[in-house]
Amino acid sequence: MLDLKYIREHTEAVRKAIVSKRVQLDLDALLAQDRTVTELRTRVEALQAERNANAKAVPKAAKEEKGALIEKGKALSEELKGLEPSLRAAEEVLRDFLLRVPNVPLPSVPEGADDSDNVELRREGTIPAFDFSPLDQVELLEKNGWADFERVARVSGSRSYLLKGDAALLEQAILFFAMTYLAGKNLTPLSTTALIRPETLVNSGHFPGDEESVYYLPADDLMLAGTAEVPINSLYAGEILPLEQLPLAFAGLSAAFRREAGSAGRDVRGLIRVHEFRKVEQYVMCEPQDGMQWFDTLLANAEGILRALELPYRVVQNSTGDMGAGKLLMYDIETWVPSEGMYRETHSCSYLGDWQARRTGLRYRDADGKVQFVHTLNNTGIASPRILVPFLENHQQADGSVRIPAALQPFMGGKTSIGG
RNA sequence: GGAGAGGUGGGUGAGUGGCUUAAACCACAGUCCUGCUAAGACUGCGUACGCAAGUACCGAGGGUUCAAAUCCCUCCCUCUCCGCCA
């Protein structure tokens with residue numbers, strides 16, 4: 001959410017953001033609604049002031065004047081009963097508008113329609129050159145008895161996964177390694193819920209807009225989060241944090257659920273795109289002036305994890321059309337998948353400015369005692385099982401076994417390789 | 001799932017219809033006084049919108065009333081005891 005004052009004063013910048021982010025929104029209708037609300041509010045508040053003054057006068061009035069005052073109060077109350085609902089309805093409409101206004105991207109963000117206009121910033125690590133015919137993720141899993149896609153589909157439907165044996169341990173090892181790594185970078189480890197109230201998704205900025213990708217449990221009016229960003233963002237909702245508490249930086253491990261409604265038929269095979277997975281998410285609430293530095297830190301943390309896992313990757317900057325409404329700046333990390341001969345998105349680093357904090361009511365008292373919104377950022381730490389795809393494929397050996405990088409070996413009981 | 005208690009400003013907490021549209025204390029900030037790791041005096045001190053007057057907010061939403069933190073209804077949450085349970 002943007003500040004209404006900002007929208008009034010920087011209308012053209014907002015208009016440009018709406019166009020470049022491909023958002024459906026009539027900004028002029030929003031501004032007209034803003035004027036309607038202001039007019040209504042002025043009238044309602046004047047009436048309320050009159051009602052309050054009148055009510056205050058009643059007990060002090062002489063007996064013979066009381067009747068008249070009460071009659072006047074009744075009339076005022078009647079009039080307000082007509083107007084107040086209109087004001088509330090008008091404010092509601094305005095809020096619906098405001099929730100759809102995207103954040104204005106930083107000037108450095110490349111203009112673009114979608115992910116094909118993202119800009120590669122750099123490549124890191126070495127793409128493996130195999131002197132044998134490498135297997136793909138599914139072949140490796142099946143050869144080693146590490147998965148059972150057919151049977152788990154019987155239990156949980158398509159886009160499910162089940163890991164067995166060393167692969168099941170590997171998943172836990174990678175998640176725990178990532179948690180340990182981020183704890184070492186002074187992020188507070190968090191084991192958090194995926195079960196969330198619907199309003200937390202409005203807070204995070206996923207709603208309105210992303211309703212169809214979220215699981216809903218009507219019996220309890222709860223939803224399943226697609227990322228720990230959602231529960232962590234709402235953890236301090238409505239609070240005014242003392243300056244000493246900032247920054248709040250977390251590494252949150254949670255289950256993650258996505259309906260994948262818009263991606264029917266894409267990546268149905270294997271571990272790339274599943275409905276239920278596990279993810280370590282980095283999440284930061286900080287003072288505005290520290291936001292950019294945190295962006296670099298979160299990116300460096302993710303890269304540090306990939307480097308430790310000895311995986312080749314590239315960093316791309318997302319174009320305006322591929323950014324998501326709330327984002328000021330966004331980089332994806334894509335990790336090399338040998339069987340596809342391409343990089344696949346495994347991490348996503350976002351700087352939201354105060355856009356998310358405004359929705360959630362995340363504020364702090366600055367050094368001058370002024371109440372301000374914090375800035376929020378998030379980046380993947382590691383997400384499994386997707387990360388297993390490049391992991392298994394890049395580290396496979398001629399006999400079908402998979403090499404365990406040195407950094408991970410302590411988390412795998414000292415094993416240097418599995419399977420084969 | 002059953003029974004009960006409760007949700008008030010940064011904290012404690014008063015307040016069962018109008019002299020409280022939130023007392024008091026603590027914490028915090030400023031000024032003054034005091035020769036010294038102390039004590040005291042005074043003032044200020046929630047958030048949002050508004051130039052201001054003002055308006056709204058006492059878990060959320062409705063209702064009754066000239067007037068609601070206070071009465072009524074629905075919901076949410078917390079705590080205690082019992083039951084069930086990984």
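Quick note on labels: first sequence line is chain A, next is B, and so on, each numbered from 1.
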Suppose we screen for side-chain hydrogen bond (donor to acceptor under 3.5 Å, both in side chains). Which residues come up paired with A/S213, at least two apart in sequence or across chains? A/D210
Partner set under side-chain contact (heavy atoms from CB on, under 4.5 Å) for A/A46, not counting sequence neighbours: none
Whole-Å distance separating the [atom1] atom of [X] from the [atom2] atom of [N]:
{"X": "A/K370", "N": "B/rG10", "atom1": "NZ", "atom2": "P", "value": "19 Å"}
{"X": "A/R358", "N": "B/rC49", "atom1": "CZ", "atom2": "C1'", "value": "13 Å"}
{"X": "A/L40", "N": "B/rU55", "atom1": "CG", "atom2": "P", "value": "18 Å"}
{"X": "A/I7", "N": "B/rC49", "atom1": "CD1", "atom2": "P", "value": "13 Å"}
{"X": "A/L87", "N": "B/rU55", "atom1": "CG", "atom2": "C1'", "value": "11 Å"}
{"X": "A/E50", "N": "B/rA56", "atom1": "CD", "atom2": "P", "value": "13 Å"}
{"X": "A/R41", "N": "B/rG50", "atom1": "CZ", "atom2": "P", "value": "8 Å"}
{"X": "A/L362", "N": "B/rU47", "atom1": "CG", "atom2": "C1'", "value": "15 Å"}

Is it true that A/R386 and A/E345 have a side-chain N and a carboxylate O under 4.0 angstrom from each other? no
On a whole-Å scale, what distance lies between the [atom1] atoms belonging to [N] and [M]?
{"N": "B/rU65", "M": "B/rC71", "atom1": "C1'", "result": "10 Å"}
{"N": "B/rC77", "M": "B/rG59", "atom1": "P", "result": "16 Å"}
{"N": "B/rA69", "M": "B/rG63", "atom1": "P", "result": "15 Å"}
{"N": "B/rU64", "M": "B/rU16", "atom1": "C1'", "result": "16 Å"}
{"N": "B/rG1", "M": "B/rC75", "atom1": "P", "result": "13 Å"}
{"N": "B/rU43", "M": "B/rC25", "atom1": "P", "result": "11 Å"}
{"N": "B/rC36", "M": "B/rA52", "atom1": "C1'", "result": "48 Å"}
{"N": "B/rG46", "M": "B/rA24", "atom1": "P", "result": "13 Å"}

Quick one: list whatever passes ring-ring contact (aromatic ring centres under 6.0 Å, His included) with A/H206, sequence neighbours left out. none
A/F295: what forms a ring-ring contact (aromatic ring centres under 6.0 Å, His included) with it, not counting sequence neighbours? A/Y331
So what's the dot-bracket for RNA chain B: Watson-Crick or G-U pairs under 3.5 Å, [ ] if a pair crosses, | if it pairs off-strand? ((((((((.[[[..)..(.....]]].(((((.......))))).((((....)))).[[[[[..)....]]]]])))))))....
Is A/V371 touching bases, backbone alone, or none of the nucleic acid, heavy atoms closer than 4.0 Å? sugar-phosphate
Choose from B/rU47, B/rC49, B/rU55 the nucleotide whose nearest atom is closest to any side-chain atom of A/I240. B/rU47
Answer with yes or no whether the side chains of A/K279 and A/T227 bring together a donor and an acceptor at under 3.5 Å. yes
Output, in order, the C-alpha distance, side-chain angles, deciding distance and verdict of side chain to side chain donor-acceptor pair (under 3.5 Å) for A/N301 and A/Q282. CA-CA 9 Å; A/N301 288 347; A/Q282 308 181 67; 3.0 Å; yes
A/D34 and salt bridge (charged side-chain N to carboxylate O under 4.0 Å, His left out): which partner among A/R8, A/R41, A/R95? A/R8
To the nearest 0.5 Å, atom CG of A/N203 lies from atom OG1 of A/T360 at 4.0 Å
Return the orientation label for the A/H10 and A/Y6 ring planes: parallel under 30°, perpendicular over 60°, tilted otherwise. parallel
Under 4.0 Å between a side-chain N/O of A/R365 and OP1 or OP2 of B/rU47, yes or no? yes
Whichever of A/A46 and A/R8 has the more 5' nearest nucleotide on RNA chain B, that residue is A/R8
Annotated protein contacts, base or backbone, on nucleotides 62-79 of chain B with a non-hydrogen cut-off under 4.0 Å, one of B, S, - each: S-S-BS--------SS--
